[in-house]
Amino acid sequence: MKHLFTNLSYVRYLQFRQSAVAITGRLTPSIGRNNVTKTKTLATSLLSLSAAAILALVGTTSANAAPAQNADSSGAAVSSHVVSDTGAADYWTPERMKNAKSGEILAAKALDRGKFLNLGKAPVTEAPGAISSIAGQQATTESKTIDRKVNQSETPVKHIGKVFFTLGGSNYVCSGNSVTSTNKSTVSTAGHCLNEGPGAYATNFVFVPAYLNGAAPYGKWTAKALYAPTQWASNGNMQYDTAFAVVNTLNGQKLADVVGASGVQFNAARGLSYKAFGYPAGSPFNGESLKSCSGKATNDPYNPQFNSQGIPCNMTGGSSGGPWFIGTSSSGYQNSVNSYGYGSNSTSMYGPYWGTVIQSTYNTAAAAS
């Protein structure tokens, strides 16, 4: 873990961490439940209190993170990575998709760093921006009927799907959504589903819209470029846990022409009502079908430095990156993504506020060729 911190030695970090826990007495975020129930002793639970975090979200091992940067400005710089995974679609067989782990440790590490290195700090103040709404795009190709093989809480939505990727030699799964863009090929997800934050970018990245029980009714869309705010890619700041992937064409067609694309909105008022979607994989869910949560957003009372909002929701790992829509359906403007929750029995899901920094990342990705 030494390489994750540039200003603290490992010993000093442990001392700081113990002091922080004693001072705050706050709950440490928990990623959610794994498919296999693990019995923990009290000692094990205490040792893993801060690392076993975040409900929403992504697996089991992770890549080595790059050194964090000292500065975390409010500037809207964008980090990008060109992808050349030509065999990614073939890599993701139905068996691999089914066995991919929710990347919870990736999110937990980032959340842990953000919690202790930003203890007592206020959210980074962004330059104020006017409300910006960009209308969605309709699919231009004829929709095919989806074979619904299992019961689910939500009928599959064409533009919402699962994201599969590899980090540190392990396969992970998150959720994502096709969003409106000039290139008609942009997918939104959580930052920790695309870059470790800070750390390496994902490989074998594919988006599978309307995934259902192992089926990919609209195909597997491979990424050609990945984009994240520098505050995430360089510092792992949970305030900016959002990222975008630009995908290749499939069979000569663009993603939005096949499945459509959601409209997006930035710099909106806080405290709106949302409907969030995702593919939770931790018990009692299995990640094979689409689920949703609805409710009015409230500020995170435990870590206000993240500037995030939460809605009533018990979705578990695998739902990370799933879209939040303003209103009561998947036809509204997307305005956030599933990011994290607290504890294995969490009743709230938190998402980042989409302000000017995340808007800049979206603008760069949406305009990429």
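Side chains included, hydrogens not; waters and symmetry mates left out as well; all remaining heavy atoms used.
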message: Set out, in order, the CA-CA distance, both residues' side-chain angles and the distance that settles side chain to side chain contact (heavy atoms under 4.5 Å, CB included) for C293 and M315, then state yes or no.
response: CA-CA 8 Å; C293 297; M315 285 196 287; 3.8 Å; yes
- line: Interatomic distance, OG@S185 vs CG@L255, rounded to 0.5 Å, equals 6.5 Å
query: Does W324 reach the side chain of I311, with side-chain heavy atoms less than 4.5 Å apart?
result: yes
- prompt: Taking D300 for the side chain and Y302 for the main chain, is one N or O donor matched with an acceptor at less than 3.5 Å?
  reply: yes
- prompt: Per the ring pair (Phe, Tyr, Trp, His ring centres under 6.0 Å) rule, which among Y227, Y362, F205, F207 passes with F244?
  reply: Y362
message: Contact between N307 and P352 at the side-chain level, heavy atoms closer than 4.5 Å - yes or no?
response: no
field: CG-NZ distance between N183 and K254, expressed to the nearest 0.5 angstrom
entry: 7.0 Å
- line: In short, A88 meets T222 closest at the heavy-atom pair CB-CG2, 3.9 Å
message: Could you check, using the six-membered ring where one of them is a Trp, whether F306 and Y340 have ring centers closer than 6.0 angstrom?
response: yes
field: CA sep, side-chain torsions, deciding dist, call: Y342, S348, side chain to side chain contact (heavy atoms under 4.5 Å, CB included)
entry: CA-CA 7 Å; Y342 292 95; S348 294; over 6 Å; no
- prompt: So do the side chains of L250 and W221 get within less than 4.5 Å of each other, counting heavy atoms only?
  reply: yes
- request: Taking all non-hydrogen atoms of both residues into account, name the closest pair between K296 and P312 and its distance.
  value: O-CD, 4.1 Å
Min side-chain heavy-atom separation K275-E154 under 4.5 Å: yes
Heavy-atom closest pair, residues L194 and A243: CD1-CB, 3.6 Å
- line: Scanning both residues in full, the closest heavy-atom pair of C174 with T189 reads CB-OG1, 4.3 Å
query: Judged by atom type as modelled, is there a donor-acceptor pair below 3.5 Å linking the side chain of S360 to the main-chain atoms of V357?
result: no
- line: Rounding to 0.5 Å, atoms NZ (K220) and CG (D90) come to a distance of 7.0 Å
query: Less than 4.5 Å apart, any side-chain heavy atom of K224 and any of V82?
result: no
message: How long is the straight-line distance from CE of M238 back to OG of S308, given to the nearest 0.5 Å?
response: 7.5 Å
query: When the ring centroid of Y274 is compared with that of F325, is the distance short of 6.0 Å?
result: no
- prompt: Just one of T242, N177, D241 clears the side-chain contact (heavy atoms from CB on, under 4.5 Å) bar with V337, so which one?
  reply: T242
message: Can a donor-acceptor pair be found, under 3.5 Å and without considering hydrogens, that links the side chain of S175 to the backbone of G318?
response: yes
Verdict with reasoning, N303 to Y350, per side chain to side chain contact (heavy atoms under 4.5 Å, CB included): CA-CA 11 Å; N303 285 286; Y350 294 90; over 6 Å; no
- prompt: To the nearest 0.5 Å, how far apart are CG in N195 and CG in L167?
  reply: 7.5 Å
Q334 and S262 side chains, donor-acceptor separation under 3.5 Å: no
query: Do H159 and S330 come within less than 4.5 Å of each other through their side chains, counting heavy atoms only?
result: yes
query: With side chains defined as the heavy atoms from C-beta onward, is the minimum distance between N363 and Q359 less than 4.5 Å?
result: yes
task: Write down the atom of N248, the atom of A223, and the distance for their closest heavy-atom approach.
output: ND2-O, 3.6 Å
Intermediate values then yes/no, side chain to side chain contact (heavy atoms under 4.5 Å, CB included), M97 and V173: CA-CA 8 Å; M97 288 193 294; V173 60; over 6 Å; no
- request: Would you verify whether the NZ or CZ of K162 falls within 45 degrees of the ring axis of Y211 while also being under 6.0 Å from that six-membered ring's centre?
  value: yes
- request: Compute the ring centroids of F164 and Y91, then answer whether they are less than 6.0 Å apart.
  value: no
- prompt: Y279 and F285: ring pair (Phe, Tyr, Trp, His ring centres under 6.0 Å), yes or no, with the steps?
  reply: CA-CA 8 Å; Y279 284 85; F285 309 102; over 10 Å; no
message: Donor-acceptor check, side chain of Q231 to backbone of Q239, threshold 3.5 angstrom: yes or no?
response: no
- request: Taking T93 for its side chain and R96 for its backbone only, find out whether a donor-acceptor pair lies under 3.5 Å.
  value: yes
task: Could you check if a side-chain atom of V247 sits within less than 4.5 angstrom of a side-chain atom of V187, using non-hydrogen atoms only?
output: yes
query: Ignoring hydrogens and geometry, is there a side-chain-to-backbone donor-acceptor pair from S178 to G260 under 3.5 Å?
result: yes
query: Between N235 (side chain) and N237 (backbone), is there a donor-acceptor pair under 3.5 Å?
result: no
- request: Can you see which heavy atom on L226 is nearest to which on A245, and at what distance?
  value: CD2-CB, 3.7 Å
OG on S331 to CD1 on I326, rounded to 0.5 Å: 11.5 Å
- prompt: With distance as the sole test, does N171 use its side chain to make a donor-acceptor pair with the main-chain N or O of T166 at under 3.5 Å?
  reply: no
message: Using 30° and 60° as the class boundaries, would you call the ring planes of F266 and W354 parallel, tilted or perpendicular?
response: parallel
